[in-house]
Amino acid sequence: MSFLLFVEQLLNGLQFGVMLFLTAAGLTLVFGVMGLINLAHGSLIMVGAFAAATVSAATGSYLLAIAASIVGAAAAGAIIEMLVIRRLYKRDHLDQVLATFALILIFSEGTRYVFGSFPLYLNIPPYLAGPVTLPGGIEYPLYRLTIIVVGLLIAAGLFLLIARTRIGIQIRAGESDREMIAALGVDISRLYTLVFALGAGLAGLAGAMIGAIQSVQVGMGEPILILAFVVIVIGGIGSIKGALIGSILVGVTDTMGGILLPAFFRLFMDNSAAMSTGSALATMSIYILMALVLILKPSGLYGGKA
Amino acid sequence: MTREATFNGFVSLALLLFPLWAWWADEPFMITLATKVAILGLAGVGLNIALGLGGLVSLGHAAFFGIGGYAMGILASHAQSYAPLMEWPFLIEGTKSMPIIWIVALIASAVAALLIGALSLRTSGVYFIMITLAFGQMLYYFAISWSAYGGEDGLSIYVRNGFPGMNTLDPIQFFIIAYVLLMIAILFASRLARSAFGLALNAARQTPVRAETVGIVPYRLQLVAFTLSGAITGLAGALFADLNRFVSPTMLSWQTSGEIMVFLILGGTARLFGPVVGAAVFIILEEILGDFSDYWHIHLGVLLLLIVLFARGGIIGLVAGEEKRHA
């Protein structure tokens with residue numbers, strides 16, 4: 001394997017990791033602040049992607065499509081928070097799992113009802129299409145590079161939001177003692193809706209970005225959601241930093257595993273056997289990573305409570 | 001008899017009489033529906049041991065359901081192609097015999113549940129949910145990439161596997177097999193709940209700290225419960241694959257895990273017959289709603305949401321009162 005291919009795959013892994021971060025950040029915030037496990041977070045990815053595809057088809061503007069994905073998913077998030085999720089904060093995890101599973105059914109079938117079963121396509125705008133040449137002569141798609149940059153900027157923004165702003169202080173206070181901040185006069189239910197909508201907006205953005213690489217279809221969110229769970233288990237619940245590190249670890253492991261493992265098995269197997277063993281193992285690599293973290297540090301790399 | 005016991009008797013009788021009526025009326029499709037209820041109910045009885053009795057919210061039981069299915073698919077496909085599974089270090093051949101397939105399915109899914117449980121039970125609560133879901137997904141992707149056994153397309157077998165002395169191709173006879181296995185599993189689950197093990201497990205679920213101070217180690221009990229639970233769900237998987245004469249990665253998907261859990265909730269968590277009632281309601285809804293709408297999952301979702309938010313005891317809770325739990 002050449003050095004160029006290696007770097008390209010590393011960047012692909014980073015790009016995938018950044019996508020996962022956008023999903024995992026919302027999940028981990030919602031869990032950290034409200035103690036809620038939200039399976040319907042994947043549906044919000046889908047909502048964002050469909051909103052983007054619709055607006056893009058109507059206006060032809062990619063930037064408007066991105067804005068629609070964030071606004072659409074955040075609005076959907078705020079609505080389900082006020083209608084359903086709010087009633088679940090005091091319930092046990094089983095009720096939360098079931099109610100949000102019910103939400104997935106409603107969202108998925110509802111979307112299928114409105115948009116049909118055929119995938120939609122979201123095109124990469126011309127000014128982001130094509131490759132760029134990176135230092136060292138590496139050709140890399142500009143769109144994917146943009147995703148990496150935007151994702152890292154959002155991560156930085158999120159860190160600032162949590163560490164430096166008033167709302168961030170309230171979020172952190174909500175994580176450690178929700179009765180106390182309610183007693184101090186913070187409108188806790190508005191804060192919860194806000195945090196939920198923030199997470200939903202990030203998921204929607206992830207949906208729009210992924211939608212342009214893959215296709216926009218019903219059920220596109222759940223595979224990402226489950227990987228985001230793996231990220232959170234690795235990074236530790238409630239930790240944005242853990243989510244970022246976990247995302248990049250999972251993204252890079254997944255992408256590099258698909259390349260390196262077959263190459264590794266080719267050293268002592270014939271080509272087709274190496275290919276099938278390697279790719280079968282590669283699909284399992286991130287879960288093996290998760291198992292290792294569980295054995296060594298059950299509460300995750302940056303997690304407090306297990 | 002309590003109201004729940006009466007209701008349970010009624011359910012087991014209805015599940016037996018309905019296919020017998022269908023057999024008499026020559027409605028083989030109705031028998032198949034009843035068989036489906038019995039098999040999916042069995043999968044739910046398995047999950048109920050972990051979830052209802054042990055309080056372990058596993059969102060990865062499709063893994064065991066699918067492993068059972070693949071145990072059937074792999075053994076039967078080798079038998080129908082006359083190619084041994086392996087020749088070295090000793091010869092293992094495929095089989096079309098249900099009892100052997102069941103034993104293999106039970107053992108294979110128990111081993112998987114032991115491994116997954118040993119790792120997942122190091123954590124609890126929301127971590128446990130996410131980890132079981134993740135391990136389930138791992139097996140799903142593994143099955144997709146495992147091209148030797150059909151990969152994404154799955155495995156078909158031509159003829160249903162055999163059971164000594166019975167004609168399994170006759171729908172009513174296959175139903176009887178599934179029904180008897182379901183009843184055995186329910187009997188086992190009720191005995192388990194009343195045994196010293198079940199009581200200790202229940203104590204560990206309700207107040208882990210108190211259980212620990214009297215010398216109960218929750219981890220060990222929960223691991224045993226999770227393993228038994230996975231094994232029963234695996235057996236159901238083998239039967240389900242046999243019913244369809246087909247196994248595919250869909251059996252391992254997270255939606256399957258969710259649906260098995262939905263049976264429990266529709267019927268009532270921690271109720272002995274909850275999974276059976278839930279599976280029956282699920283299948284009936286699928287048939288009725290599926291007839292006039294392709295999008296029946298929306299209705300299912302709304303119903304589920306309403307039950308979770310407002311009727312927490314499920315259907316048995318509505319019939320038999322809230323507080324009576326079998327454990």
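This one's a predicted model, so the numbers in the text were calculated from it and none came from an experiment. Atom set for the values below is all heavy atoms of this structure, side chains included, hydrogens, waters and symmetry mates excluded. Throughout, protein chains are lettered first and strands after them, A, B, ... in sequence-line order, and every chain is numbered starting at 1.
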Counterpart residues, side chain to side chain donor-acceptor pair (under 3.5 Å), relative to B:Thr250 (two or more places apart):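 B:Thr250 satisfies side chain to side chain donor-acceptor pair (under 3.5 Å) with B:Ser248 once adjacent residues are dropped.
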
Looking at chain A, which one of B:Ile131, B:Leu119, B:Ile307 has the largest number of heavy-atom pairs inside 4.5 Å, strictly under?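 Highest number of pairs under 4.5 Å: B:Ile131.
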
Any non-hydrogen side-chain atom of [X] less than 4.5 Å from a side-chain atom of [Y]?
X	Y	answer
A:Ile237	B:Met130	yes
A:Leu39	B:Leu59	yes
B:Ser257	A:Phe101	no

Residue pairs, two or more places apart or on separate chains, that pass side chain to side chain donor-acceptor pair (under 3.5 Å) and touch residues 275-284 of chain B: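 Checked against side chain to side chain donor-acceptor pair (under 3.5 Å) - neighbours excluded - no pair reaches residues 275-284 of chain B.
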
Rounded to the nearest 0.5 Å, what separates atom [atom1] in [X] from atom [atom2] in [Y]?
X	Y	atom1	atom2	answer
A:Leu225	B:Trp254	CG	CH2	8.0 Å
A:Leu94	B:Leu51	CG	CG	5.0 Å
B:Ser145	A:Leu281	OG	CG	9.0 Å
A:Asp95	B:Thr269	CG	OG1	7.5 Å
B:Tyr141	A:Asp254	OH	CG	9.0 Å
B:Leu139	A:Tyr287	CG	OH	9.5 Å

With a cut-off of 6.0 Å (strictly less than), are more than 12 heavy atoms of other residues, nucleotides or ligands near CZ of A:Phe118? no

So which residue, A:Ile288, A:Ile106, A:Leu36, ends up with the most heavy-atom pairs under 4.5 Å with chain B?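 That would be A:Ile106.
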
Region of [X] that comes under 4.5 Å of a non-hydrogen atom in chain A:
X	result
B:Val308	both
B:Ile265	side chain
B:Ile129	side chain

Interchain contact, A:Ile104 with chain B, by part (heavy-atom threshold 4.5 Å): side chain

Taking side chain as everything from C-beta outward and backbone as N, CA, C, O, which of these in A:Met284 sits under 4.5 Å from a heavy atom of chain B? Side chain, backbone, both or neither.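 Both the backbone and the side chain of A:Met284 come within 4.5 Å of chain B.
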
Distance-minimising heavy-atom pair for [X] and [Y]:
X	Y	answer
A:Met290	B:Ala134	CE-CB, 3.7 Å
B:Leu300	A:Leu105	CD2-CD1, 3.8 Å
A:Val97	B:Met261	CG1-SD, 3.9 Å
B:Gly301	A:Ala102	O-CB, 3.3 Å

Scan residues 105-117 of chain A for pairs that pass salt bridge (charged side-chain N to carboxylate O under 4.0 Å, His left out), counting only residues two or more places apart or in two chains. A:Glu109-A:Arg112

For chain B, find its close neighbours in residues 77-91 of chain A: heavy-atom separation under 4.5 Å, sorted by number, or none.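 Answer by number: A:Val84, A:Arg87, A:Leu88, A:Arg91.
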
Examine distances only and state if a side-chain atom of B:Tyr127 and a backbone atom of A:Val233 form a donor-acceptor pair shorter than 3.5 Å. no

